[in-house]
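We number each residue from 1, following the sequence as shown. Ligands are counted one by one from 1 in listed order, and the atoms in each one are counted from 1 as well.
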Amino acid sequence: MNSVLRIPEEQWDEMRKHVNDHAPLEACGLLAGKNDQVEKVLLVRNQAQSPVRFVMDPYEQLHAFEWIESHGLDLVGIFHSHPAGLENASATDIAEAAYEVVSVIWSHNHNGWKARGFWIQDGKVTDVSLLVGNG
Ligand SMILES: [Zn+2]
């Protein structure tokens, strides 16, 4: 289990733009890197095209996994958005968590977008600190 995930500003902004562009639908993608360091954001289409649910397009997800492997990186996170504002992992997120990586959830309220990190495993949710910046 990871307790922190380090995200460079460029990748942070790329995620935020992606989830903002797709609101009010949920948006999603993968984070590749090493250990607790994000190096690359891979955007994946939300096949569900829903404001309350995401299902990664299987073809794009496979393509992203191939990219990660061919670049010698690992899957270190999965991100998606809650445009309606829920900051925490939903019951569906907990039930459907399939990979032992950090879940980054972007939520939207009157102050704009914010993101929180979670480790979801065996029905349990633990907070993960997101450290943003290049330092
Ligand atoms: Zn969710």
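Side-chain N/O atoms of N20 and W113 include a donor and acceptor closer than 3.5 Å.
The number of protein N/O/S atoms found under 2.8 Å from the Zn ion (ligand 1) is 4.
Of the possible polar contacts, one joining the D93 side chain to the S90 backbone as a donor-acceptor pair under 3.5 Å is found. Looking at K34, its side chain does come within 3.5 Å of a backbone N or O of G72 through a donor-acceptor pair.
Residues R116 and E87 are paired through a salt bridge, judged by an N-O separation under 4.0 Å between the basic side chain and the carboxylate.
With sequence neighbours left out, R53 forms a salt bridge (Lys or Arg N to Asp or Glu O under 4.0 Å) with E96.
With W67 as the aromatic partner, K40 meets the cation-pi criteria of under 6.0 angstrom to the ring centre and within 45 degrees of the ring axis.
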